[in-house]
**Student:** 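Questions regarding the structure given below will be posed in turn.
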There are 2 protein chains.
Amino acid sequence: MQKIVLNIEMEKAEASAQRPRESGTSTLDLALRAVELLALRHAPMSLGEIAKALGATKPTIYRHLTTLIRHGFAWQDARTGYYAAGVKLMTLGEAVQQQFDVIATSKPHLIQLRDKTSQSATICTLVGEELIVMERVEGRSIIEFGTPRGTRFDFHASAHGRVWLAFGPHELTDKVLAGPLKSWSGEVRTSVPTIRREIELIRARGWAMAPNEMVDGVNALAAPVFDHRGELIASVAIVGSLQFIPSPPLPEQIDAVVQCARAVSSACGWRR
Amino acid sequence: MQKIVLNIEMEKAEASAQRPRESGTSTLDLALRAVELLALRHAPMSLGEIAKALGATKPTIYRHLTTLIRHGFAWQDARTGYYAAGVKLMTLGEAVQQQFDVIATSKPHLIQLRDKTSQSATICTLVGEELIVMERVEGRSIIEFGTPRGTRFDFHASAHGRVWLAFGPHELTDKVLAGPLKSWSGEVRTSVPTIRREIELIRARGWAMAPNEMVDGVNALAAPVFDHRGELIASVAIVGSLQFIPSPPLPEQIDAVVQCARAVSSACGWRR
DNA sequence: AAACGATGTTTCGTTATATGAAACGACTGA
DNA sequence: TCAGTCGTTTCATATAACGAAACATCGTTT
């Protein structure tokens, strides 16, 4: 049984939203680029390859790799001498994820949601000013849509995002609608009044959808998660082919997502 | 429903097994220590705190953080100005994990194993010369034993490890048995002939267990996963209280673990 | 109200230290 | 045997990381 996995091409969580700073340490810069290069490659690389890819000399990269290895961020194949990313990245990634305790709480509910709907289930959280996929439970259909942990969503062009516009703090909504609204496809609405009207609708019915927005033929269905103070802390959603999640979605799908969001909210102390 | 989670204190995947090298770049060293510090803290830290914890001055750490932020490895809370670990670590951790395709293949089978036994299910892989937990599906008992992704196991003092001694390459077995054998508890056997005898037993019956070895009252039950060439590529195991996984384990538990390992092996091209 | 302590941030001169050319040993394939 | 990799080491040079001190803002405390 082989699964077809479509990796949706999106900007990953870059520092793009953070204000760019001019100062910095160039040597660290190079080393971090090396880590990233190794992690995103699927195969180990030779020292020369790495050096060329980063526009640096071998000794320089060599020294950096030495330090990276000492810290577990990289790793050298003892047989071939080639370099690859280290497991420390996995360890630290796991640690970062666990800092958000909504995620741990939500996991069993996400699995239940996936079991009910057979579609991938995801949960998003605000990190800084970015909306990030924190956990994902894979669906059971043949075609899978990849929004792996760490993917960043646009607020105006995704189901997750519009849940945040509808139920999140007003400052966020205003800031997003004031800025430029990038269009991913013809389906993305970039007119502010149109979005405002949709936000009202989402608030009224309690869920959001985004057919054909990120990729053609894909739909998502999202609902808000609140904490004990009634503040929005996360959003859960199912993602799948329009064939399985039509527009509008099936009543039982809406019910499943909303129920899941409510269950996680309850587990986080939300009442009423 | 609150789960009690016992985090088993083990050495994490350090570079300890890699040969230590003398040369290296000290500035990168400092920066990596900063990343690690931030990732392992649950709360954001102030610049001063970080500087003091690492024995450096504020401007130095500040410059490093600037670069780390630019790359997404760190992140600054816009409101408080405090620093925390960035989502890039999650993204890269995910990418590193996906380089090992046994993991992806095994996931549904691990879930099935968990469902059958109600115990946590884990899969380990050899990374370099270290045995690392690559994936884990949480159990359904009240008390959970935490061996999160990235945890390193000793070969002689764990069920996973002894599966590798029994079915892995001979060089590995010889090397491990030649080295010092650290004792975690009274239950750990450190005598080479004793271990050799147990390895034979494991080979004969096809599974390994490790009662009371890492923590008192905990047992683990592991079995080997082979690829198309018949080489050991991973080990799967269930971990749980001795109350649930007795010594020797229940026949149906053994069966479940062995079946799971066989299923993953088959999925990886293993025949017969 | 004013002084203090804590943030994060910037500047600047000094020197530590990261750098790259070149050479080295070891290995693989032609 | 030679030419081509690979990773590793050395060393003189100048880049660029460093830390002391000062700055700008917050809160809190006096």
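Quick note: numbers below take in every heavy atom, side chains included, and nothing from hydrogens, waters or symmetry partners. Residue numbers begin at 1 in each chain, while the letters A, B, ... track the order of the sequences.
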**Student:** Atom CG of Leu54(B) and atom C1' of dC18(D): how far apart are they, to the nearest Å?
**Tutor:**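 Roughly 15 Å, once rounded to whole Å.
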
**Student:** Please report the closest heavy-atom contact between Lys88(B) and His71(B), naming both atoms and the distance.
**Tutor:**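 So the two residues come closest at NZ-O, 2.6 Å.
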
**Student:** Looking only at heavy atoms, which two atoms of Ile199(A) and Ala166(A) are closest? And how far apart?
**Tutor:**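 Heavy atoms of Ile199(A) and Ala166(A) come nearest at CG2-CA, 3.6 Å.
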
**Student:** Expressed as a whole number of angstroms, how long is the span from Trp75(A):CH2 to dG7(D):P?
**Tutor:**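 Distance, rounded to whole Å: 14 Å.
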
**Student:** May I have the distance from Lys58(A) (atom NZ) to dC24(C) (atom P), rounded to whole angstrom?
**Tutor:**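 Atom-to-atom, Lys58(A) to dC24(C), this comes out as 14 Å.
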
**Student:** Taking Arg203(B) first and then Glu200(B), would you say they form a salt bridge - that is, a charged N and a carboxylate O separated by under 4.0 Å?
**Tutor:**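 Yes, this pair counts.
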
**Student:** If each of Glu49(B) and Ala56(A) is mapped to the nucleotide of DNA chain C with the nearest heavy atom, which maps nearer the 5' terminus, i.e. the 5' end?
**Tutor:**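 Counting from the 5' end, the first nearest nucleotide belongs to Glu49(B).
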
**Student:** To the nearest Å, give me how far apart CD1 (Ile50(A)) and C1' (dG7(D)) are.
**Tutor:**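 From Ile50(A) CD1 to dG7(D) C1': 11 Å.
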
**Student:** How many whole angstroms separate atom CD1 of Ile61(B) from atom P of dT10(C)?
**Tutor:**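 Ile61(B) atom CD1 is separated from dT10(C) atom P by 17 Å.
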
**Student:** Strictly below 4.0 Å: does His64(A) bring a side-chain N or O up to OP1 or OP2 of dA18(C)?
**Tutor:**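 So the side chain of His64(A) is outside the cut-off, no N or O lying under 4.0 Å from OP1 or OP2 of dA18(C).
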
**Student:** Between Val163(B) and Ala208(B), what is the shortest heavy-atom contact and its length?
**Tutor:**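 Answer, listing the atom of Val163(B) first, then Ala208(B): CG2-CB, 3.8 Å.
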
**Student:** Send over the distance from Tyr82(A) OH to dG7(D) P, rounded to a whole Å.
**Tutor:**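 The answer, rounded to whole Å, is 7 Å.
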
**Student:** Respond yes when some side-chain nitrogen or oxygen of Gln76(B) is under 4.0 Å from OP1 or OP2 of dT7(C), and no when none is.
**Tutor:**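 So the side-chain polar atoms of Gln76(B) never come under 4.0 Å of the phosphate oxygens OP1 or OP2 of dT7(C).
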
**Student:** Considering only heavy atoms, which members of residues 27-34 of chain B lie under 4.0 Å from some atom of DNA chain C?
**Tutor:**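 Output list: Thr27(B).
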
**Student:** Please tell me if Ser46(A) has a side-chain N or O lying less than 4.0 Å from either OP1 or OP2 of dT5(D).
**Tutor:**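 Answer no for this pair, as no side-chain N or O of Ser46(A) is under 4.0 Å from OP1 or OP2.
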
**Student:** OP1, OP2 of dA18(C) versus side-chain N and O of Thr60(A): anything below 4.0 Å?
**Tutor:**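 No, Thr60(A) has no side-chain N/O under 4.0 Å of OP1/OP2 on dA18(C).
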
**Student:** In whole Å, I'd like the distance from the CZ atom of Arg79(B) to the C1' atom of dG27(D).
**Tutor:**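 Atom CZ in Arg79(B) sits about 13 Å away from atom C1' in dG27(D).
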
**Student:** Who are the ring pair (Phe, Tyr, Trp, His ring centres under 6.0 Å) partners of Phe167(A), not counting sequence neighbours?
**Tutor:**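 Once residues adjacent in sequence are excluded, the partners of Phe167(A) under the ring pair (Phe, Tyr, Trp, His ring centres under 6.0 Å) criterion are Phe226(A).
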
**Student:** Could you list the residues that satisfy ring pair (Phe, Tyr, Trp, His ring centres under 6.0 Å) with Tyr82(A), not counting sequence neighbours?
**Tutor:**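 Here no residue qualifies.
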
**Student:** How many whole angstroms separate atom CG of Leu47(B) from atom P of dG8(C)?
**Tutor:**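 In whole Å, dG8(C) P and Leu47(B) CG are 5 Å from each other.
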
**Student:** Measuring to OP1 and OP2 of dT7(C), would you say a side-chain N or O of Tyr62(B) lies under 4.0 angstrom away?
**Tutor:**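 Checking dT7(C) against Tyr62(B), no side-chain N or O comes under 4.0 Å of OP1 or OP2.
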
**Student:** Looking at every heavy atom in both Ala261(A) and Val236(A), which two are closest together, and how far apart are they?
**Tutor:**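 Smallest interatomic distance, heavy atoms only, reads CB-CG2, 3.7 Å.
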
